[in-house]
Each structure stands twice: as C-alpha cells, then as structure tokens.
Q: 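Here it is, the structure, as structure tokens.
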Amino acid sequence: MPGTGVKTKKAAAPGISERLEFQPHSLREQSFFSQSLLLIDLLVGALSFSGAIWLRSLLPRLHGPLNDQTFTACGFLFLITMGMALMYRRRLPHHSDLAVCMRAGILAELLLLTVLFLIRGEALAVSRPILLLFGLMLTCGLALTHALFTRWHLQQRSRQPHNIVIIGELGRSQEFAARLSESPYWRVLATFSDQTWGTVAGMTARLDQIIRESAIDTLVLVPSFLATGSPATRCYQDVLGFCAATGTRLQIYADWLDDYSQVYLDHLGNTPVLTFSFNPELTWPLIIKRILDVAGAGLLFLFTAPLMLLAAVLIKLESPGPVFFRQFRNGLRGRSFLMYKFRSMVVNAEALRAGLADQNEMLGPVFKMKHDPRITRVGHWLRKSSIDELPQLFNVLRGQMSLVGPRPPLPAEVAQYGIEHLRRLSMKPGITGLWQVMGRNRIADFETWVQLDAEYIRNWSLVLDLKILARTVGAVLRMGGR
C-alpha cells in the first residue's frame with residue numbers, strides 16, 4: 001500500500017569487535033570515518049612522541065641522543081605503523097581494532113629496529129630507548145582510541161537512525177525496506193509505488209508532511225525503468241524536483257550493480273551519463289605507473305645498452321638481414337602499433353610459419369613451438385635470456401606499451417578472439433606480466449593465458465606491478481625463455 005510505514009526492528013548496540021557492522025554504511029560516511037581516524041592517529045602520534053621524551057627525562061638511564069636522526073626514525077615508525085594498520089584492517093576485517101593496531105605496531109617496531117641494526121655505524125646516532133617508548137605508547141594509544149572511537153560512532157548511529165523514504169516498484173521497495181530494517185542504523189518511514197504515483201492524489205503532499213514531521217535524511221528510488229511518459233517516469237521527475245527543492249539527498253537503488261564497483265556519474269558534452277568502468281581509471285596510481293614506466297625503461301635502456309650492442313653485432317655476424325624485427329601488434333583498445341624486438345629468426349620466418357601451423361603447441365589463436373626451426377643460434381640465446389625483448393623499451397618510452405601488462409597480440413590472433421578474449425585489450429600491453437611469471441612457456445592453454453590477464457586487470461595495483469617486476473628478474477635469471 002502506498003504510504004505504508006515500515007517499522008524498524010530493535011537491535012542491540014554493537015560491540016568493539018563488530019567492525020563489519022560499519023561496512024554497509026555509505027561510502028561518504030566511510031570516508032568521513034576514515035578521515036576522522038586519521039586526525040585521531042596524528043594526535044596520538046604527537047602525544048606519544050611527547051610522552052616518550054618526557055619519560056626519557058624522568059629516567060636518566062634511558063638517555064640517548066635527541067637529534068634529527070631520532071626524530072626521523074620516529075617519523076618513519078609512525079608511517080610504517082599507519083601503513084600496516086591500514087593493510088591489516090583491509091585484509092582482516094573480522095579482527096578487532098585492538099588486534100589490528102597491536103599487530104601493526106609490534107611488526108613496525110621490529111622492522112625498523114632490524115633495519116637500524118643492519119645499518120648501524122658511528123654516523124648513525126638514534127636513541128633506541130626513545131624509539132621503543134614511542135612505539136609502545138603509539139601502539140597502545142592507537143588500539144585504545146580506535147576501539148573507543150569506533151564504539152562511540154556506532155552508538156551514535158544507533159541512537160539517531162538515518163530516516164529513509166523509498167519510492168519505486170513496490171515489491172522490490174518492500175524487499176529493500178525489510179533488509180534495511182534488520183539494522184539499527186536505518187529507519188524506513190514509508191514506501192510508495194511508482195506505478196500509482198500519477199493516479200493516487202496527495203503523494204507529494206504526503207512527502208511534504210513526512211519531511212516536516214520526521215526529517216527525511218535520504219529518499220531512495222527503486223526504478224522499474226519504464227518508457228518515457230509512463231506514471232513511473234513522471235514519478236521520478238516529481239521526486240527529483242522535490243529533492244532539489246527541499247535539499248533532500250536522493251539515492252537510486254541499484255542491486256543490479258552488485259558486481260560492478262567502479263560506477264560514477266560523468267558527462268558527455270553537457271549530458272549526464274552513468275558510467276560503468278571495468279578497468280583501472282586514469283587516476284594518480286596510473287599516472288605513477290606511467291612515470292615508473294618512463295623512468296624504468298630509461299634506466300634499463302642505459303644499463304643494457306652494451307648488452308644490446310653486443311646482441312646487434314652477433315645478429316649481423318650470424319646471418320644477413322636487419323638487426324631488429326618489427327611487427328604490427330594490437331595495443332590498448334585494439335589500436336595497432338609497430339613493436340620492436342631483436343631478430344631471433346631467419347629473415348623469411350613469417351612466410352615459413354604457415355608450413356608449421358600443424359606443429360603449434362598452444363591451444364587457441366596463438367602460435368608457440370618448442371623446437372622452432374626458424375630460430376637462429378644467436379636467436380636461441382637471445383630468447384633464452386629474454387634479451388630479444390629489450391628493444392620494446394622503446395615502445396614503453398613512446399607510450400605504446402608498459403613495463404607490466406598483457407602481452408600484445410597479433411592482429412591475426414585478435415581476429416580469432418571470442419568476445420571474452422577481448423578483455424586482454426582493455427589495458428595497455430606490457431613487456432612482462434602474470435603469464436611470464438606464472439608459468440610462461442609451460443602454459444599451453446590460451447584460455448589460461450586469458451584468465452591470468454583478466455585477473456591482472458581486475459586486481460591491478462602498483463604493488464602488483466612491483467611484485468611482477470621482482471618475479472620477472474628471477475624468471476630472466478633462470479633463462480626460461482624460448
């Protein structure tokens with residue numbers, strides 16, 4: 001029934017360890033919560049350092065050099081502790097704040113003391129007593145303040161629930177209201193049907209009455225996506241106008257977006273559009289990735305220049321033909337670019353490939369052959385050591401490739417792709433990637449290759465890139481290329 005109120009179930013106030021209770025709240029509130037904790041952490045850090053210096057003055061035996069190096073070491077300890085606490089809070093969401101902060105503080109202290117022990121010397125004068133006191137007070141302070149602030153915040157939310165009115169397709173609206181009613185943090189004041197919005201008089205007046213009597217915090221639309229001109233469309237326009245006039249926050253129920261985390265409002269020209277992004281967006285991590293690509297490719301180019309010169313000489317001495325092998329590949333979004341490698345095969349290798357098609361060892365639209373007769377002796381060494389890949393650093397500098405990413409396919413291979421394979425083209429290709437460090441030539445199934453690339457794109461982060469680069473060094477040293 002339109003205008004039917006939905007009562008909220010009474011629930012007990014959450015305890016300190018029930019950290020997951022905070023997760024269903026809005027991202028805006030989570031951001032505010034995190035920012036508040038950061039300010040508290042900074043205050044705890046300052047008080048802990050002041051307390052460590054005060055205790056040092058009371059205990060003469062703990063005297064140590066109070067110099068810039070001690071200040072710097074304490075600053076590093078604070079940053080490491082904050083970073084580890086953030087990591088554990090994400091990886092161990094079921095753990096209490098006490099366990100998270102204690103684990104982060106103890107590991108950060110041990111890590112920094114180990115580093116100071118390894119680099120000890122006459123020039124290094126850090127007051128370890130102050131460092132130990134600061135770490136102990138910081139760990140205990142963070143554990144206590146995090147637990148108390150989380151408890152206080154949840155109790156405040158329980159005492160003053162968020163008032164919500166739901167308008168839309170009646171069945172889904174009532175289902176959504178029932179789910180919200182299971183938590184003490186929301187109170188559903190009423191649900192309205194968008195189908196009868198234009199036929200039942202006084203619905204806007206009823207909203208006006210509710211907002212005056214009960215203070216609506218949020219109005220949620222549960223749309224049924226009907227054609228323009230339907231009662232539902234008129235309902236949405238009226239609700240939007242009402243929220244704009246009263247300043248009430250409007251949210252749209254979108255249970256069909258459960259699997260898509262990167263959804264945001266954008267504009268095409270002057271037209272608002274809802275954007276679904278299934279790949280990393282151009283944010284500061286991708287900008288840093290590009291900076292690392294340029295810096296890393298530039299340094300590698302300088303350090304490996306003598307090796308590349310030796311490879312070029314050996315290629316020319318063994319067989320006539322060009323030093324570099326140039327081939328068109330498909331890059332980001334399928335755009336074609338000219339990729340460079342050291343030539344490791346005979347000059348007419350592409351013409352000979354058709355006659356070797358029946359000896360392909362890969363399952364799928366990729367050609368790989370263990371004992372390829374087209375590979376020269378020098379080429380075998382170049383592939384074994386992965387030196388043949390070094391000219392691709394030029395492609396990285398030009399922005400056509402990255403140090404880490406899916407391998408760039410041939411246009412003929414892309415022509416055979418199924419729709420699920422095109423995901424490989426949604427990120428800039430790389431010299432190395434998950435395929436290289438997770439098995440490389442031992443992976444004979446193209447579907448596994450695609451799954452690894454999809455996993456990389458889905459879980460991309462700067463840390464993942466650094467891990468792949470580190471494992472690539474080991475793979476190259478093992479001479480596993482071919």
Q: Report yes if the side chains of Q327 and L410 come closer than 4.5 Å at any heavy-atom pair, otherwise no.
A: yes
Q: Taking the side chain as everything from C-beta on, heavy atoms only, tell me whether F337 gets closer than 4.5 Å to M401.
A: yes
Q: Report yes if the distance between the aromatic ring centroids of F324 and F342 is under 6.0 Å, otherwise no.
A: yes
Q: Can you find a side-chain donor-acceptor pair between D293 and S402 that sits under 3.5 Å?
A: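 Yes, S402 and D293 have a side-chain donor paired with an acceptor closer than 3.5 Å.
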Q: Any donor-acceptor pair under 3.5 Å linking the side-chain atoms of Y417 with those of N330?
A: no
Q: Are side-chain N/O atoms of S319 and R343 paired as donor and acceptor at under 3.5 Å?
A: yes
Q: Only one of I164, T191, V220 passes side chain to side chain contact (heavy atoms under 4.5 Å, CB included) with F176; say which it is.
A: V220
Q: Can you tell me if M308 has over 12 outside heavy atoms packed within less than 6.0 Å of its CE?
A: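 Yes, enclosed.
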Q: Would you call E413 and R424 a salt bridge, taking side-chain N to carboxylate O under 4.0 Å as the test?
A: no
Q: I'd like to know whether OH of Y340 has more than 12 heavy-atom contacts from other residues, nucleotides or ligands below 6.0 angstrom.
A: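 Yes - once you tally the heavy atoms of other residues, nucleotides and ligands closer than 6.0 Å, there are more than 12.
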Q: Given side chains that start at C-beta, do those of F325 and S344 come closer than 4.5 Å, heavy atoms only?
A: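 No, every pair of side-chain atoms sits at 4.5 Å or beyond.
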Q: Shortest non-hydrogen contact from L292 to L403?
A: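 That would be O-CD1, 3.9 Å.
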